Amino acid sequence: MTAAASALVTTSHRRDALPAHEATLLRLRNDVNLRAVRAGHGPSVLLLHGYGESLVSWRAIFDRLAQTAEVVALDLRGFGLSSKPDSGYDTETLARDVLEALSQLQMDRAVLVGHSLGGAVASAAALLAPDRVRALVLIAPAVVSAPGVIPDQSSREAAIERVRAAIAHYEALRTRFSPPHDPAWLAEPSSALTYIPGDDPAYRASLAAVLREFDFAYLTPERRQQLRIPVLLIWGSYDQLFPISGGRMLEATLPRARLVEVARAWHRPHIERPDTVATVITQFVRSLH
């Protein structure tokens, strides 16, 4: 066989390869469904994405983690292909969704890995049900204060609403360029693959509702002292949305926290430096007793 023919056969096999994983729906209370993907064996690890993102944002590290752990990634309510009700986007309601998902998945004690907004949700779940959460991995978590782009409560409500609407509009448009699908990695029904959140008014409404209801300063000093499980903090050294100074403060004030700074990474180190982040998380999970 010539080199050209061999390359053609190899390309054909890659094109015909089946996705590595298959999406499923977890059906929670009050008709809320969460899209999820599950793989691997070992310690239970649950991945929670950030604002405006979906479980696909974990693709770069998901398979690496699944080599040594049982890993689940899910879409929080309002995002990806999960349900988008009119309300229920406060921190603790989202955390209760996660705890119910753990029950449905029969994951008794899990390590929760949360990025940005997902980090706050993970922290709330650990505080609501400390017996269910073994440890936390918080990647640039939104737990101390709102991003600087959101005006504080001293601003006029009309100005705050305009900023919220602009952020929601931007995030909705972003799904056209980073959709919550990856057919080469995740098998889904054809009806799901045609869904683009940016075209869905319910998605835009949920984006705005999160900015109204979510507590970006959830991890108060009092709550930090209650969080006595191991906490791994991962932060990009260039993060401008939540500067690494916040990570240093959390390392100093959480009872059992350790900070890992990822060089030359911004707000999404698990996407920008996936090998480094996957290795750090794997080593942390292995170290737990």
Side-chain angles (χ1 to χ4, degrees), residues 26 28-30 32 34 36 44-55 57-58 72-80 82-85 87-105 107-147 150 206-207 209-235 241-242 246-247 249-251 253-257 267 270 281 284:
L26 304 177
L28 308 187
R29 66 193 185 284
N30 299 328
V32 172
L34 304 184
S44 298
V45 176
L46 184 67
L47 308 176
L48 305 174
H49 61 79
Y51 178 76
E53 298 189 342
S54 73
L55 63 82
S57 67
W58 296 108
V72 174
L74 56 79
D75 291 338
L76 296 167
R77 75 159 69 191
F79 299 101
S82 288
S83 298
K84 299 171 179 64
S87 61
Y89 298 102
D90 60 282
T91 311
E92 291 194 350
T93 298
L94 292 172
R96 290 189 180 95
D97 284 350
V98 169
L99 294 171
E100 188 174 349
L102 287 175
S103 296
Q104 291 211 13
L105 293 161
M107 300 174 89
D108 293 331
R109 292 186 71 233
V111 177
L112 301 189
V113 180
H115 168 240
S116 198
L117 177 144
V121 175
S123 300
L127 288 166
L128 289 171
D131 59 318
R132 305 289 307 282
V133 181
R134 188 179 181 195
L136 291 173
V137 178
L138 306 180
I139 303 175
V143 294
V144 176
S145 63
I150 300 178
S206 68
L207 288 169
V210 170
L211 296 178
R212 284 194 304 272
E213 299 180 30
F214 195 80
D215 184 359
F216 288 94
Y218 180 81
L219 206 55
T220 61
E222 294 76 18
R223 286 176 173 145
R224 283 176 227 154
Q225 290 308 305
Q226 297 170 27
L227 204 56
R228 298 189 172 277
I229 58 175
V231 178
L232 173 65
L233 301 162
I234 300 177
W235 230 282
L241 195 63
F242 295 110
M249 182 276 292
L250 288 172
E251 182 182 35
T253 57
L254 286 167
R256 299 178 63 187
H267 185 57
H270 56 299
I281 294 175
F284 175 71

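Quick caveat: nothing in here was measured; it's all calculated off a predicted structure.
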Which atom pair, heavy atoms only, marks the closest approach of Leu55 to Asp75? N-OD1, 2.7 Å
With heavy-atom distances below 4.5 Å as the criterion, would you say the side chains of Val111 and Ile281 are in contact? no
Between the side chain of Thr93 and the main-chain N/O of Gly88, is any donor-acceptor distance below 3.5 Å? no
Side-chain touch Leu34/Arg77, heavy atoms, less than 4.5 angstrom: yes
Only counting residues at least two apart or in another chain, list the ones meeting side-chain contact (heavy atoms from CB on, under 4.5 Å) with Arg132. Leu99, Leu102, Ser103, Ala129
Heavy-atom side-chain contact between Ile229 and Leu136 under 4.5 Å: yes
Is there side-chain contact between Ser82 and Leu74, with at least one heavy-atom pair below 4.5 Å? no
Any side-chain heavy atom of Phe242 sitting closer than 4.5 Å to one from Val143? no
Side chain to side chain contact (heavy atoms under 4.5 Å, CB included), paired with Val113, selected from Ile139, Leu46, Ile234: Ile139
Nearest 0.5 Å please: distance from the CG atom of Leu219 over to the CD atom of Gln225. 10.0 Å
Heavy-atom check, side chain of Leu48 versus side chain of Leu94, under 4.5 Å: no
Decide yes or no on side chain to side chain contact (heavy atoms under 4.5 Å, CB included) for Leu76 and Asp97, but give the supporting numbers first. CA-CA 8 Å; Leu76 296 167; Asp97 284 350; 6.0 Å; no
For Ser87, enumerate each residue passing the side-chain hydrogen bond (donor to acceptor under 3.5 Å, both in side chains) test, keeping only those at least two apart in sequence or located in another chain. none
From Gln226 atom CD to Thr220 atom OG1, the distance as rounded to the nearest 0.5 Å: 7.5 Å
Validation row: Leu127, Val133 side chains within 4.5 angstrom (heavy atoms): no
Write down the atom of Leu207, the atom of Gly52, and the distance for their closest heavy-atom approach. CD2-CA, 4.2 Å
How long is the gap from NE2 on His49 to CG on Leu117, to the nearest 0.5 Å? 8.0 Å
Quick check on the 6.0 Å ring-centre criterion: do Trp58 and His270 meet it? yes
Would you give the length of the straight line joining atom OH of Tyr89 to atom CG of Leu211, rounded to the nearest 0.5 angstrom? 12.0 Å
Is any side-chain heavy atom of Val121 closer than 4.5 Å to one of Phe214? yes
So which atom in Ala95 and which in Ala125 form the shortest heavy-atom distance, rounded to 0.1 Å? CB-N, 3.5 Å
How close do Ala142 and Ala120 get, heavy atom to heavy atom, and via which atoms? O-CB, 3.3 Å
Please identify each residue that fulfils side-chain hydrogen bond (donor to acceptor under 3.5 Å, both in side chains) with Ser116, with sequence neighbours left out. His267
Drop me the distance from Met107's CE to Gln104's CD, to the nearest 0.5 angstrom. 13.0 Å
Which pair of heavy atoms, one from Gly247 and one from Leu233, lies closest together, and at what distance? O-CD1, 3.7 Å
Please assess Tyr51 against Leu241 for the test side chain to side chain contact (heavy atoms under 4.5 Å, CB included), listing each intermediate value before the final yes or no. CA-CA 12 Å; Tyr51 178 76; Leu241 195 63; over 6 Å; no
Indicate yes or no: does Arg96 engage Glu92 in a salt bridge with an N to O separation below 4.0 Å. yes
Separation between CG of Leu254 and OG of Ser123, rounded to the nearest 0.5 Å: 8.0 Å
Between Asp215 and Arg223, what is the shortest heavy-atom contact and its length? OD2-NH1, 4.3 Å
